[in-house]
Amino acid sequence: MQADRRRINAPSGGTAPPIFATPKDTPLRRPTRTRKPDEHRKLFLRTGVVPSASGSAYYEIPLQSPQQPELLVPSSSSLKITCSVHGPRPLPRNAAFSPNLLLTTHVKFAPFATRNRRGYMRDAGERDLGMHLETALRGVIIGERWPKSGCEVVITVLEGEEDGWWGDAGGQEGGRAGGWGMMGVLAGCITVASAALVDAGIDCVDMVSGGVAALVQDGQDGTKVGGEAKIILDPSPSEHQNIRAGCVVGYLQSRDEVTEMWMKGDAGTQVEALVDEAVKAASLTRTVLAEAVREAMGLKMGKASEEATGGLKEDKGKKKDVVMTG
Amino acid sequence: MANGASTAPGGPGLSFPPETFAKLSPGPFLHAHLKQQDPVRANGRSPEQFRKPTINTGSLTHSNGSAVVRVGDTAIVCGVRAEILLASDIPQPPKDDVETDDLVEDLGLLVPNLELSTGCSPAHLPGNAPGTLAQSLSYRILSLLNSSNLISPSDLSIQYAEPEAEEDQPTDEFKTVTKAYWTLYIDILCIALDGNAFDAAWAAVLAALQNTSLPMAWWDPDREAIFCSPLASEAHKLQLNGLPISSTFAVFSTASPLKRREDVESWILADPDGFEEDLCRETLTVVVATERSEQNPGGIIRLEKTGGAVIDRKLMQRCVRMAKNRCSDWDSALRGC
């Protein structure tokens, strides 16, 4: 690997992640799904985490299944995403005229976000996520109100979902098509970007929320075959041995429109049912989104009305207007 | 330029809210604040007042150690990942069994990187390679880690008792050989930036290293590889040599080539925020050790001053004293987490 001259590099011998030996006495417990098929995990969403940006939000799905504290290796991971929106800002001088707002999305996984350490350069998976996110947001932003302007949506994934249980043989790929963790991350990215856009005050027709559903076929007692295929929403990939298909949608609830749909795998005859389930998941996340945004707006309105009436903070003198004479 | 709600004396006047005035002429805005009898800064703090830090550790599941530090509006996340460097892979191996303090630096076992291009402020948008600020901050953290001897090489070596004699003959003589080293990748991400990234990043590194636990590792001679135990009871935490605390000061000065030296006014601002950092050219960083040692009775590990000549020896002593007082804030935050 070429040394990146602008960063501090690894030692020249090259390092490898540690290989763990199977513990003798402690059995490895695979996490299982204890929720109902149409129950979403608990979400946490907050806006205004980056004050210097126009708008920002933080999204988290905390750890659900009980971890095995005696093991250093975690059995599943939570999802932590932060988003900041910078814009609308003027385009650079040499850019061509654009009658609509120029949206640029940027998704980056932190190096400590996944079980294997990621590098600092953006790879193809992250660019792909950025494209899907842009499709989802472009359908909801009213672009013609902001000509000659650009808006940057920057997403940093502090912790990403895994593709499968690490204890499975070939657990990194998980299922037949693989890459299920990215779908959960995309659903989270759509929701958090939507919250940040509202925080930035960019005109949108509605709030878009992300939802993910999957078609799983787990056998009984942890075997891979023999079970019936069922559709669940908000899958946690480490809880299932065999995920046959997955679908992410970006959904506008008040208009009943879908701005983005990404399906992977072989759903057979149940394609429409899978999409419906993903839409249901998006409606569930929208309630959390609406609550978080309402709370943030309430705080902002409270501060604005305080400033308008003169405020009580006389000592700082910040609220008083500055008079320029002469 | 009055900073109060006085009416203009006769004639038309313009009045703006303070935020607009701050954007139009930030220098005179700050100067007007500091000029008063009781100097106060634009953010309401006194010139010698630091921001209160909060630290949370252990929130990242895939790291050996992690910390989130918030100082005012600056928020920094640090994750420490440990990987294995085999001694046989090192191109220029050090002499056997000599564990000097420089081993960590020579082998490059600590790899800190500070990433600012995360959209933490409008000036740091992603898509570019790290600029000079990010590169210099990463390098300063690396050099501070090495010069303060925070981690001793014995914590990072994986040793094996190799039998001295020929393979088939049983023997009682064993030679301890270091078969591999733990390399710590210290990834620091800035989530929100409002001035003074270095202090917060350094504190995040300290808190994450304090929180780091390394699994027990051994060399398997049959398979010629290092294996680790996944049991948390067999893992060991890193031992840090002392807790050096960093404090940054900025100097706001009205010096200009047109002014005489006697007319220049300057103020030292502790823990500058983003607005003040843009206006100040001169900065001073003081790193003090919380515990004194024989090599370092004064307790100062590092002094870095750039940008101007306002700070003389007297002011430097004052800043060092302020930095020492600041230690107690960070100490309680770091030991409490």
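Labels below follow one simple rule: chain letters A, B, ... track the order of the sequence lines, proteins then strands, and each chain is numbered from 1. Owing to the predicted nature of the structure, the values given are computational and were not obtained by experimental measurement.
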*Could you tell me whether B:Arg51 and B:Asp273 make a salt bridge, using a distance below 4.0 angstrom between a side-chain N and a carboxylate O?*
no
*Per-residue contact mode, B:Ile226 against chain A (heavy atom under 4.5 angstrom)*: backbone
_Once side chain to side chain donor-acceptor pair (under 3.5 Å) is applied, what residue pairs with a partner in residues 107-117 of chain B remain, sequence neighbours excluded?_
A:Arg7-B:Glu115
*Checking B:Leu193 against chain A: side chain, backbone, both or neither under 4.5 Å from a heavy atom?*
backbone
*asked:* I'd like to verify something: which residue of B:Gly119, B:Ala180, B:Ala217 has the highest number of heavy-atom pairs under 4.5 Å with chain A?
replied: B:Gly119
_Least distance between heavy atoms, A:Gly13 atom then B:Pro91 atom_ = N-CD, 4.2 Å
*State, without any angle test, whether A:Ser77 and A:Glu159 hold a side-chain donor-acceptor pair at a distance under 3.5 Å.*
no
_Contacting moiety of B:Asp73, where chain A heavy atoms sit under 4.5 Å_ = both
*Side chain, backbone, both or neither: which part of A:Val154 has a non-hydrogen atom closer than 4.5 Å to chain B?*
side chain
*Applying side-chain hydrogen bond (donor to acceptor under 3.5 Å, both in side chains), run through B:Gln92 and B:Asp106 and close with a yes or a no.*
CA-CA 10 Å; B:Gln92 274 124 23; B:Asp106 287 339; over 6 Å; no
*Is the closest side-chain donor-acceptor distance between A:Thr15 and B:Tyr185 under 3.5 Å?*
yes
*Side chain / backbone / both / neither for B:Ser66 at chain A, heavy atoms under 4.5 Å*: neither
*Examine whether an atom of A:Arg89 lies under 4.5 Å from a heavy atom of chain B, and if so say whether it belongs to the side chain, the backbone or both; otherwise answer neither.*
side chain
*Would A:Ser78 and A:Glu60 count as having a side-chain donor-acceptor pair, cut-off 3.5 Å?*
no
*Portion of A:Val49 that has a non-hydrogen atom of chain B nearer than 4.5 angstrom*: backbone
*Given the options A:Cys83, A:Pro17, A:Gly14, which has more heavy-atom pairs under 4.5 Å with chain B than any of the others?*
A:Pro17
_Heavy-atom pairs under 4.5 Å with chain A: which of B:Gly127, B:Pro122, B:Pro215 has the most?_
B:Pro122
*asked:* Looking at chain A, which one of B:Ile84, B:Leu142, B:Asp89, B:Asp220 has the largest number of heavy-atom pairs inside 4.5 Å, strictly under?
replied: B:Ile84
*Residue pair A:Thr82 / A:Lys80, side-chain donor-acceptor N/O under 3.5 Å*: no
*Where does B:Ala82 contact chain A at under 4.5 Å (heavy atoms): side chain, backbone, both or neither?*
backbone
*Please determine, among A:Ser56, A:Ser12, A:Ala10, A:Gly87, the option with the most heavy-atom pairs under 4.5 Å with chain B.*
A:Ala10
*Quick one: which of A:Ala16, A:Ser84, A:Ser52, A:Pro11 has the most heavy-atom pairs under 4.5 Å with chain B, could you say?*
A:Ala16
*Top residue by heavy-atom pair count (under 4.5 Å) with chain A, among B:Asp194, B:Ile191, B:Val111, B:Thr61?*
B:Thr61
*Ignoring hydrogens and angles, tell me if any N or O in the side chain of B:Glu234 forms a donor-acceptor pair with the backbone of B:Leu231 under 3.5 Å.*
no
*Find out whether A:Leu158 and A:Phe112 are in side-chain contact, i.e. whether some heavy atom of one side chain is under 4.5 Å from a heavy atom of the other.*
yes
*chain B contact via A:Tyr120 - side chain, backbone, both or neither, heavy atoms under 4.5 Å*: side chain
*Under 4.5 Å, counting heavy-atom pairs only, tell me which of A:Lys108, A:Glu152, A:Arg117 racks up the most with chain B.*
A:Arg117
*asked:* Can you confirm whether B:Leu189 sits close enough to A:Thr156 that some side-chain heavy atom of one is under 4.5 Å from a side-chain heavy atom of the other?
replied: yes
*Check ring-ring contact (aromatic ring centres under 6.0 Å, His included) between B:His62 and all other residues, then give those that pass, not counting sequence neighbours.*
none
*What part of B:Leu125 is in contact with chain A, defined as an atom under 4.5 angstrom from a non-hydrogen atom: side chain, backbone, both or neither?*
side chain
*With a 4.5 Å cut-off on heavy-atom pairs, point out which of B:Pro130, B:Ser138, B:Ala192 contacts chain A the most.*
B:Pro130
*Identified side-chain contact (heavy atoms from CB on, under 4.5 Å) counterpart of A:Glu126 within the set A:Arg118, A:Met121, A:Met131, A:His106*: A:Arg118
*Would you mind telling me which of B:Pro112, B:Ser233, B:Ala75, B:Ala87 has the largest number of heavy-atom pairs within less than 4.5 Å of chain A?*
B:Pro112
*Is it the side chain or the backbone of B:Thr183 that comes within 4.5 Å of chain A heavy atoms, both, or neither?*
side chain
